[in-house]
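A quick write-up on the structure given underneath.
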Amino acid sequence: MQTRVYNIAFAESTRQAYLHFWDCNLHCRGCGCQKVVYDFMLDRNMHLHLAEPRGIATSPQRFMDLDDVIETLFGLEVRWVLFEGQESSLDPSMPLIAEAAHRRLGTTNVLLTNGMKMPDLRYIDKVSVGLKAFSKELHQDYTGESNKTILENFPKIFKSGVPMMAETVLIPGYIDHDEIGRVAKFIASVDPNIRYQIDAYFKAGNNPWRRPTSDEVERSVAVARKYLNNVYAYKGTEPREFGVKSIFPTEEELATRELAPAVDACEPIPT
Ligand code: SF4
């Protein structure tokens with residue numbers, strides 16, 4: 001069975017595997033895949049979230065078979081599997097991978113989803129839902145789609161009993177602290193103890209926005225804390241204490257220009 005898995009990244013020290021699936025049912029204007037297709041956490045890509053975009057990255061061309069994905073996870077003796085971007089819940093192989101890893105390796109499975117499709121959660125241990133915006137018009141403008149289904153699915157995911165959190169990307173002057181407040185209020189209407197993470201936007205794609213300052217992130221955190229008890233921020237400048245390598249494609253393959261147009265599409269910001 002062909003999957004939509006195009007990248008497996010692995011952190012050896014924590015035995016975490018990051019599975020990246022292609023295809024999405026939203027079209028976010030700030031989607032990071034426009035800039036870097038392969039895992040941002042890879043040691044080789046760590047500087048790229050701060051880099052200035054130079055065009056749109058090329059889509060992946062190679063995808064793994066289901067057996068290859070499972071064999072790779074077994075070979076790595078993974079303890080954690082993260083199912084992530086683009087939207088893994090669209091791939092019928094996602095629950096099969098989650099089941100195999102759960103049953104045979106005893107992994108903790110974490111799903112990152114945009115919530116547009118109610119995911120199969122049978123073998124998922126934690127869920128993070130990316131809420132892009134609460135305001136209808138803003139969500140439509142940013143993603144090209146209505147958020148009606150997402151706002152309906154969010155409480156359904158909560159009621160499933162799988163531990164969940166939510167995330168929103170802070171974009172100054174666009175998805176700003178006032179919108180973060182609306183999202184936080186919505187989350188609190190489901191449960192004020194749901195963990196909420198505010199992610200600093202990094203420049204991707206062809207749009208006019210800049211990264212937020214540290215103070216702007218803190219201001220949004222303060223706004224969200226009016227409604228929620230567990231609010232955190234990811235500013236993108238935090239140090240990382242473990243290495244991440246690409247298993248598929250291999251590091252050697254990523255080093256070739258043929259497989260690394262996404263990286264080549266960007267250049268580091270001078271420090
Ligand atoms: S939901 Fe995620 S993967 Fe899909 S377009 Fe938006 S940012 Fe990109």
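Start at 1 and go down the list; that is how both ligands and their atoms are numbered. Below, all heavy atoms of this structure are taken into account, side chains as well, without hydrogens, waters or symmetry copies.
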Next on the checklist: Under 6.0 Å from the ring centre and within 45 degrees of the ring axis: does the NZ or CZ of Arg195 meet both conditions for the six-membered ring of Tyr232?
Outcome noted: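 Verdict for Tyr232: a cation-pi partner in Arg195.
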Next on the checklist: Would Arg4 pass as a cation-pi partner of Phe63, given that its NZ or CZ must be under 6.0 Å from the six-membered ring centre and within 45 degrees of the axis?
Outcome noted: yes
Next on the checklist: I'd like to know whether the aromatic ring centres of Tyr38 and Tyr6 sit less than 6.0 Å apart in this structure.
Outcome noted: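 Distance test on ring centres: under 6.0 Å, yes.
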Checklist entry - Between Thr14 and Gln16, is any side-chain donor less than 3.5 angstrom from a side-chain acceptor? => result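 Per modelled atom types, Thr14 and Gln16 side chains form a pair under 3.5 Å.
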Checklist entry - Are any of the side-chain nitrogens in Glu218 or Lys235 under 4.0 Å away from the carboxylate oxygens of its partner? => result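 Yes, Glu218 and Lys235 are salt-bridged.
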Checklist entry - Any Lys/Arg nitrogen of Glu251 or Arg44 sitting under 4.0 Å from an Asp/Glu carboxylate oxygen of the other? => result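 Salt bridge present between Glu251 and Arg44.
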Checklist entry - Which is closest to atom 2 (Fe) of ligand 1 in terms of heavy atoms, Glu84, Glu145, His20, Lys132? => result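 Among Glu84, Glu145, His20, Lys132, the closest heavy atom to atom 2 (Fe) of ligand 1 comes from Lys132.
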Item to check | Atoms named by residue and atom, protein N, O or S, within reach of atom 8 (Fe) of ligand 1 (under 2.8 Å) | outcome: Cys31 SG
Checklist entry - Are Met116 and ligand 1 in contact, using a heavy-atom cut-off of under 4.0 Å? => result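 In this structure, Met116 fails to qualify as a contact of ligand 1 - no heavy atom is under 4.0 Å.
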Item to check | Ala100: partners by side-chain contact (heavy atoms from CB on, under 4.5 Å), with sequence neighbours left out | outcome: Ile70
